[in-house]
Each structure stands twice: as C-alpha cells, then as structure tokens.
Amino acid sequence: MLVIKNLKASINNREILKGLNLKINPGEVHAIMGPNGSGKSTLANVLSGKNGYKISGEVKYLGESLNDIPVEERAQKGIFLAFQYPLEIPGVNTNNFLKTSLNTIKKAKGEKEIDTIAFLELVKEKAKELGIDEKILSRQLNVGFSGGEKKKNEILQMKILDPNLIILDETDSGLDIDALKIISDGVNSSRSEKKSFLVITHYQRLLEYIKPDHVHVLSDGKIIKSGTSELALELEKKGYKKLN
Amino acid sequence: MNENFKISPSEINKIKVLNQKDKNFRLESLKLFNQQGFPTRNHEDWKFSDINQIFSKNFKNLESFKNEIKPKSINFIKEFDHNHILMVNGKLENSEFKFEDKNKIKIKSYNDSNFSLNNVENSLINLNNALSNNGLFLEVADNYKFEKAIIIYNVFTDDLKDNLLNNKNKIILGKNSELHIVEYNINQSKNKFIYNTTENVILNENASLKTINLQANQNEGFFYKFSKGKMKSNSNFSSFIFSSGPKFNKIDAEFDLEGENCDCNIKSALFINRDKHQEIKTKINHLVPNCKSYQKIKSVVDAEGKGVYQGKIYVKDIAQKTNAYQLSKALLLSENSEFNSKPELEIYADDVKCSHGSTSGNVDENSIHYLMTRGLSKKQAIQLLVNGFLNEIIGDIKSNSVRKFIENKIEIQIHGY
C-alpha cells in the first residue's frame, strides 16, 4: 500500500524528517509514536501533499510515486488524513461540503455522482454509527463544534469518502474516554483487508482501542525502533528517553 | 474630460420642465456642476474612487438623453410570488400589484427635480438635480403592510452606449406600514454608460422597509446611487446589497435617524473581479437618543478588482444610548486586488455604545489545504471559502425563496471568477 524510502523533509531550511523508511501492506494498522517535535505531524502533512516542504526520497502509494501528485489528487486516489486540529470553515455547510467532497472523489474515480437523497441517507447512517447529532451537520463546518465533535466529524468524513490509506494524526488528543471509544469503534469497524491505517499518536492509550499490527518509534525525524504492540506498552512504562 | 466636463444649459431644454421654478433650479444646479466637474480624489468622499479619472479613461463623450426603446425579453423571476415594477433605463414602464390592496399604493413616474438636498458639495447630485427626467415615486398608505415583496426590474437596454442617464426615486412609507423591495438590475447593454440615481426614502413612525439591491451580471455599466433616508420614531430600515458584475458601482447611503427607537441596518456582500470597482459609502446620523444602527460589509476582491468601504457613524450630543456598529471584512484573492476601508466614528454624546472594525486579508492557506485533502481542487476550495465568507451576509435574509434566489446568483458569479 505505502512504501516510504529515505524520506527527508525540511521547512524553512530546517530538516524535520531525516531519512524515514516505512512499509505498510494492505490491511495493516501501523502506529507511529514519538515525543513532541519528532516529526510526527510533518510526516502526516507530507503524506497529504501539503505545500511548503522541501522533500527528497521516495513515497510510493499503490506502486505509484506520490512525489509530484498534488493534494487533491492524493485524496481522490484514496489517501485520507484525519487532522489533529480540524479547521473551522465559516459559512460552509457541513453536509454541502461533504457532498461536494464525495462527488469530486467519485467523479475522479469515474464513478457516478451521488444524489442528495442517497447522500443524506448515507450520512444519516454513518452519523448514527458515530453517535453524531445530525443537527451539527447542517451547521457550518466545524464552527462551534466541541473538540470531540470535530474529531468525530473527521472520522465521519473518513467513513463517507471510503479511502484506502488512512492517516490518523493524534486523533485521540483532547478526547474523553467515551468519545475515544466511539471514534476507535468507528475506525475498527472500517478495518478491512483493503484498507491500511497509519495511526500517529503521542500516547499508548489510543492503541488500547485501536490495536496496531506494528508500532514504530519516531525520534528526531527517523524511525529508531519498530516492533509489535508490546513496544507501545514498553514505551508507556519507560518513556521515550530510555530508547535514545 | 480631464478639464472639467461641461454640459451646455441648452440640454435642459430637452427636458419637460414642470414650471419656471423647476427650470431655474435645474439651471442653477447645472451651473454648480459645471463649476465642480466630476469628483476627484481630492474630495474626501471620493478619495478611493476618483470618478473624474475613471470617467475620462472610459468615455470620450457623453450623451445625456436617449430615445426610448423596448428592452429585449426579460427573465422575470418565477421562483417566488411577487408584485412587480418595470423600470427601463430609469423610466417607469409598468407595475402590477396583484397581491395587494391597490388603494393603499400610490405609484407614478417621478420627474420632480426639486429634491431639496443641500448637499451641493456632491457634484453628481447637482448633475442629477439638473438633468434627471425620470424615476419612480412610490408611496404606501398608513397601516398598510404588503403581502408580497415588490421586485423592481431595473432594466438597461442593449442600445445604451456612452449615455449619461440621471434619474430620481422617492419612496415614502406611511405610519405602521411595511414593505419589502428587491431591486433587481438587469443590464442588457454590452457597452459603457453611466447611470446616476438619487433616491429619497422617508420612513414614517413605526414603518418598516426592507430592501435588497442585486447587481449580478457582468457588464460595463457605471452606477452611482445616492440614497438619502429619513427615519421617524420606531421605524425600521434593513438593506442588503449584493453586487457583482458592473464595471463600476458606488452605493452612497446617508440616513438620518430623526425619531427615537429607530433601527437602521445595512449589510453588503460584494464580489469584485476582473478590473471592476465597487464602493459602499455610508453615513448614519444618530440625531436623537435610543437608536440602533448596524453595518456589516463583506467584500471579496479578485484579479485587478478594487473595493472600497467608507462608513461614518455620526452621533449628535443629545443622541444618548445610541448603539452603533460597523464592520468591514475583505478577502483578497490576488496580489493585484485592492481594498480600501475607512471606518469612522464621530461621537458627541457620552453614553453610547459604538464599535467599528475593519480587516482584510488573503484566503487562509491551511483552510485551502484542509479542503484539498478532501479531494477539492484549489479553485473549488477557494470558491467554497469565498461562498462561505459571503454566506454570512446572505444567510441573514429571512425569506427562504428570496435567499435561495440570491445565493444562486452569487454562486454563478463566484464560479465564473
């Protein structure tokens, strides 16, 4: 699904990722853990195609190099990033945005666009699964949403857009246990042989709910250790410092 | 036209004047205009819209009058029931009030030059006083509340070219009356012309007037409209301005809040693209205590467009407990876009609540990125953000059908940017 070789990324002449290697097979869930400033969010941004980074190395998605692929085409090809801080977009109705997004992706895939009635049914079903109050979906996108609502809305988008590679950037931050459970259930129910997940997190807590196949430790722009979910537990006990 | 543009007094002979007094007033006004010429940037009110320069760049000569012709077919609004008034090049053609009690409405062509405006500094008003020969007079009787809105179809015919048209409107609402007007401008001309309107609005005690001014087709017209409003106690004025498309559009509104507990609202959404130039200028005069005024202007400027907001709130010493607000927000889509804002407060009372603010900036890159990670192209993302930005104003229109109609018109403009 995703092969990253010797990925380096710098911004404003400061190197953040310093030669990162990672391979994710279809159906796998990988967790990346690391202390603040290790480059976790940069990795998420770079994979989403965000402008402003100077990049070298190679990122291949489904066998194709992503190096020159712009943000929206990555999304259309099935890469989804759930933001750590979802943006508030004033004046834009959540449902309208979701429908535009879904239809743009469908169109790019050569699929038939969804009509309003079918779309609303789809949203209703997915929102219910995530315990999202439908009323918030007729409000402005993320405006006035609580922290939990914003994160749930990210997972709702993931469910509706049905991507192949899902990057969850600190999705657990700022969530209470109930919301964490609902969101994890939402992720777990989406797991399949065709989908891969890259779960970026600071804490082991999330990994109690979303069980990863592999855990990697990111430190100073490189993966310094990889292992199974045991590694996450070890980190929780010893802290990141002991690993260096 | 760099030298003062002059109009011969013989032009006034082409107008059917009412009487000698009217003729003298017109001659006097013309004399003033000829001394002043079109306003330049040296005049504070035209600081950011040097109309003399703009006109001299775009017009070699100007014809003050034109023969009447019928407009091409007009797409009348079918989306919602309404009364209608058809104005062609500023002349009242016909009207229909099928939802109303006709005895309560007075409507006629308005050609009275004597507007008793002492604003001699504004040469465009002097010009209008001298040459206006058409317009609309509308009066609503006391206690009459309109069932449906009036759409004023303001049609400009396709033969307009290098014309300078002047007209006047007068709208009077009786005590306790209610009216909703949508002024829908339809410009069929592909050429340049100037349309100079002076409007007088009188709201008697407890009257309520809502207006929507819609300019939503790309055209080469130069529009200037001066509105002078007088509000008696407990009256309510609410105005929405949606403008996108004309080459030049300046709306200049001056409202006197003369009676207590008045409420005056001006909201505006501008989408300015290509090399268009638009300005909203307001002056709200709080002359008595306990009145409210609210202004919110949102502008999106693209390409070589230029937008201007000049807003002044004046609070007289006796106008205690005034509550006045003005805010201008502009979004610039291109390096060459320009927006100038001059919000002003002039307050002589000490127990008032007045606030103003002005911001302008670019579209947030992080917001664009967020939308693009959901598959939208950069253009789609910007369109969505622009739409969202202007929606804050459009969303305030209470009538669903009218709001949807306006939303649609604005969206077409944004998508064509």
Side-chain angles (χ1 to χ4, degrees), chain A residues 44-53 69-94 96-109 138-143 150 153-154 156-158 160-163 165-167 169, chain B residues 240 242 267-271 296-300 327-331 333 357 359-397 400 403-404 406-408 410-415:
Chain A
N45 285 338
V46 166
L47 290 176
S48 77
K50 191 169 184 178
N51 288 335
Y53 293 97
I69 306 287
V71 184
E72 73 271 31
E73 279 181 35
R74 294 182 191 213
Q76 289 160 7
K77 287 173 189 293
I79 298 177
F80 182 88
L81 169 63
F83 278 62
Q84 181 179 4
Y85 303 110
L87 280 100
E88 296 188 3
I89 313 286
V92 174
N93 175 286
T94 307
N96 287 352
F97 153 72
L98 268 173
K99 187 170 166 241
T100 308
S101 168
L102 177 58
N103 277 335
T104 309
I105 289 174
K106 278 186 174 289
K107 213 169 140 189
K109 285 187 193 164
S138 49
R139 297 212 318 243
Q140 301 173 42
L141 181 55
N142 290 329
V143 177
K150 282 182 186 168
N153 192 20
E154 294 290 286
L156 176 71
Q157 292 173 38
M158 175 198 89
I160 286 171
L161 302 179
D162 195 26
L165 174 66
I166 296 123
I167 304 151
D169 187 10
Chain B
F240 285 96
F242 299 105
K267 293 178 185 175
S268 172
L270 307 179
F271 182 76
K296 193 179 250 183
I297 314 294
K298 295 193 95 175
S299 316
V300 177
L327 180 68
S328 160
K329 281 187 171 182
L331 204 53
L333 300 185
T359 62
S360 61
N362 303 324
V363 190
D364 178 41
E365 285 295 329
N366 288 325
S367 299
I368 296 175
H369 175 69
Y370 182 63
L371 296 175
M372 287 174 76
T373 64
R374 302 304 183 248
L376 275 62
S377 68
K378 188 166 187 177
K379 191 171 172 179
Q380 267 180 311
I382 292 173
Q383 281 169 350
L384 204 63
L385 291 167
V386 164
N387 228 326
F389 179 80
L390 296 178
N391 260 344
E392 200 194 334
I393 301 288
I394 302 165
D396 281 350
I397 299 177
N400 279 334
R403 191 180 60 244
K404 280 200 178 121
I406 306 261
E407 264 171 10
N408 224 329
I410 299 274
E411 229 177 277
I412 292 168
Q413 289 298 317
I414 292 170
H415 281 243

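So you know, we letter chains A, B, ... as the sequences are listed, proteins then strands, and number each from 1.
Interface summary for chain B: among A/P90, A/G49, A/P70, A/G52, the most heavy-atom pairs under 4.5 angstrom belong to A/P90. The candidate from A/E88, A/Q76, A/K77, A/K50 with the greatest count of non-hydrogen atom pairs under 4.5 Å with chain B is A/K50.
Listed by sequence position, B/L385, B/G388, B/F389, B/N391 are the residues of residues 385-393 of chain B in contact with chain A, using a 4.5 angstrom heavy-atom cutoff.
Atom OG1 of B/T373 and atom CG of A/L87 lie 9.0 Å apart (nearest 0.5 Å). Here the OG1-CG distance, from A/T100 to B/L384, works out to 6.0 Å after rounding to the nearest 0.5 Å. A distance of 4.5 Å separates CD in A/E154 from CZ in B/R374, rounded to the nearest 0.5 Å.
Between B/G375 and A/A75, the shortest heavy-atom distance links the atoms N-CB, 3.4 Å.
Counting non-hydrogen atoms of other residues, nucleotides and ligands closer than 6.0 Å to OH of A/Y53 gives a total above 12. For A/K150, the NZ atom counts as densely surrounded, since its 6.0 Å shell holds more than 12 non-hydrogen atoms of other residues, nucleotides or ligands. A/K109 NZ: more than 12 foreign heavy atoms inside a 6.0 Å radius.
Heavy-atom distances place the side chain of A/N142, and not its backbone, under 4.5 Å from chain B. The contact between B/Q380 and chain A is made entirely by side chain atoms (from C-beta outward), counting heavy-atom distances below 4.5 Å. Contacts of A/P163 with chain B are absent, with no heavy-atom separation under 4.5 Å from either backbone or side chain. Neither the backbone nor the side chain of A/L98 comes within contact range of chain B; no heavy atoms are under 4.5 Å apart.
Between B/Y370 and A/F83, the ring planes are perpendicular. Angles over 60° get that label, and only those under 30° would be called parallel.
Considering only heavy atoms from C-beta on, A/S48 comes within 4.5 Å of B/H369 through its side chain.
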